[in-house]
Amino acid sequence: MSWLLQPALLVSLVTTALYALGARRRLRLVGAASSEWRWRGACFLAGVASIVLVLSPRYDPWADELLWAHMLQHIVLMSVAPPLIVLGAPWIPVWRGLPLSLRRPLARFAVGLPAVVRAGFRALRDPYVVFVLGSVDLAVWHLPALYDLTLRSSAVHYTEHASFVVLGLLFWLQVLDSPPLHPRLTALWRAVYATAGAATGWLLALVLALAPTPIYPAYASLAHRPGGISALGDQELAAGVMIGIGAIPFSIAVFVLIYQWLDEERPRRPRRRMSATA
């Protein structure tokens, strides 16, 4: 059961428990849940379930033997689970799930943080800061030396997963509405932002696809791989997974945001006034 101690997985399970408690308390106050509250809850649970799936002992061993399976794991942690969780807007239910005796000191602690610390947290809501952090995080973890280290060290591997989920959440908070948090950018600029985020992954995928030899020694040195695929073929398939599957969440977001922008820009027809004799 040691796999349950992975930071990203452990936090996901604890957060789900708090969400359930907070949702229960909310239902006691307001009665029946609205349709929006229900579909947001379904999104949150789907996001957490996707994290559990790719970090479970059923799937994780594949990531140690196949580069494409490892890349799919990364895509889920960065680009599938985070937007679902953000759409789920779990922030208030999770907060209400905490006991009141813990919420009060946490609130006082947050208020009493030094100004420089509060400024640092505010910077994490800046879309440009988040974009740079996320892009650097993606590039650094896929350097061959560090990538191979994640396969040898559980602690490093868990840190990688946690950074993907956290920075993924911060990225998608700039793109999707997640009450009470709202993006600072307009719909059009959010579409541009999501496209730029997808492009960083495409650049990495092109490097993998065009490399004439295997980039990661840990995978190249394996004597056998499931299915008998070659190391170079595995690497090219990983590139295809990044470009193909990895682009799906971004494409959906861009399509919806452009539609919203066009709807906002559409001139509104003035309502016809009813005549007094009508």
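Side-chain atoms of Y19 never come within 3.5 Å of backbone atoms of V14 as a donor-acceptor pair (strictly under, hydrogens ignored). Between the side chain of R103 and the main chain of L98, a donor-acceptor pair closer than 3.5 Å is present.
Using a 4.5 Å heavy-atom threshold, the side chains of L55 and Q73 count as touching. At least one side-chain heavy atom of I229 sits less than 4.5 Å from a side-chain heavy atom of L66. Looking at heavy atoms from C-beta onward, L72 lies out of side-chain contact with V54 at the 4.5 angstrom threshold. V192 is not listed as a side-chain neighbour of L185, based on a closest heavy-atom distance of 4.5 Å or more. Under the 4.5 Å side-chain criterion, counting only non-hydrogen atoms from C-beta, L106 is in contact with W95. Side-chain contact between I215 and V207 is present, with heavy atoms from C-beta onward closer than 4.5 Å. Side-chain contact check for F121 versus L113: some heavy-atom pair is nearer than 4.5 Å. At a threshold of 4.5 Å between non-hydrogen side-chain atoms, the residues T159 and T150 do not count as touching.
Heavy atoms only, all atoms of each residue included: A211 and L232 are closest at O-CD1, 3.7 Å. Counting all heavy atoms, side chain and backbone alike, I51 lies closest to S12 at CD1-OG, 3.5 Å. Of all heavy-atom pairs spanning C43 and G88, the tightest one is CB-N, 4.0 Å. Counting all heavy atoms, side chain and backbone alike, G197 lies closest to T200 at O-OG1, 2.6 Å. When all heavy atoms of E65 and L222 are compared, the pair lying nearest together is O-CD1, 3.4 Å. Across S56 and P61, no two heavy atoms sit closer than the pair O-CD, 4.3 Å.
Placement of W202 and F164 in two distinct hydrophobic clusters is found when ILVMFWY residues are connected by side-chain heavy-atom separations under 4.5 Å, directly or transitively. Criterion: ILVMFWY side-chain heavy atoms under 4.5 Å apart, direct or through other members. Under it, L21 and L10 are not part of a common hydrophobic cluster. Cluster annotation: V116 and V129 are assigned to the same hydrophobic cluster (Ile/Leu/Val/Met/Phe/Trp/Tyr, side-chain heavy-atom contacts under 4.5 Å, transitive). Note: the hydrophobic cluster containing W62 does not contain L53 (ILVMFWY, side chain heavy atoms under 4.5 Å, direct or indirect links). F109 and V111 fall into different hydrophobic clusters, defined by Ile, Leu, Val, Met, Phe, Trp and Tyr side-chain heavy atoms under 4.5 Å apart, directly or through other members.
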Check the pair L146 / L149 against side-chain contact (heavy atoms from CB on, under 4.5 Å), numbers first and verdict last. CA-CA 5 Å; L146 196 54; L149 180 60; 3.9 Å; yes
Tell me, with the steps shown, if F250 and T195 meet side-chain contact (heavy atoms from CB on, under 4.5 Å). CA-CA 7 Å; F250 295 95; T195 302; over 6 Å; no
Is there a side-chain contact (heavy atoms from CB on, under 4.5 Å) between F44 and T15? Walk through the geometry before answering. CA-CA 10 Å; F44 170 72; T15 302; 4.0 Å; yes
R104 vs L100, test: side-chain contact (heavy atoms from CB on, under 4.5 Å). Steps then yes/no. CA-CA 6 Å; R104 285 175 175 171; L100 187 60; 3.6 Å; yes
Do any side-chain atoms of residues 131-142 form donor-acceptor pairs under 3.5 angstrom with protein atoms, and if so which ones, sequence neighbours left out?
from: S135; atom 1: OG; to: F131; atom 2: O; distance (Å): 2.9
from: D137; atom 1: OD1; to: W141; atom 2: NE1; distance (Å): 2.9
from: D137; atom 1: OD1; to: S163; atom 2: OG; distance (Å): 3.2
from: D137; atom 1: OD2; to: S163; atom 2: OG; distance (Å): 3.3
from: W141; atom 1: NE1; to: S163; atom 2: OG; distance (Å): 3.1
from: H142; atom 1: ND1; to: L138; atom 2: O; distance (Å): 2.7
from: H142; atom 1: NE2; to: H74; atom 2: ND1; distance (Å): 3.2

Only distances under 3.5 Å count here; give the side-chain donor-acceptor pairs of residues 165-179 to other protein atoms, sequence neighbours excluded, each with its distance to 0.1 Å.
from: W172; atom 1: NE1; to: M78; atom 2: O; distance (Å): 3.3
from: Q174; atom 1: NE2; to: L170; atom 2: O; distance (Å): 3.0
from: D177; atom 1: OD1; to: H182; atom 2: ND1; distance (Å): 2.4
from: S178; atom 1: OG; to: V86; atom 2: O; distance (Å): 2.6
from: S178; atom 1: OG; to: W91; atom 2: NE1; distance (Å): 2.7

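For residues 215-237, every residue pair satisfying the side-chain hydrogen bond (donor to acceptor under 3.5 Å, both in side chains) rule, not counting sequence neighbours, is listed here: H70-Y219.
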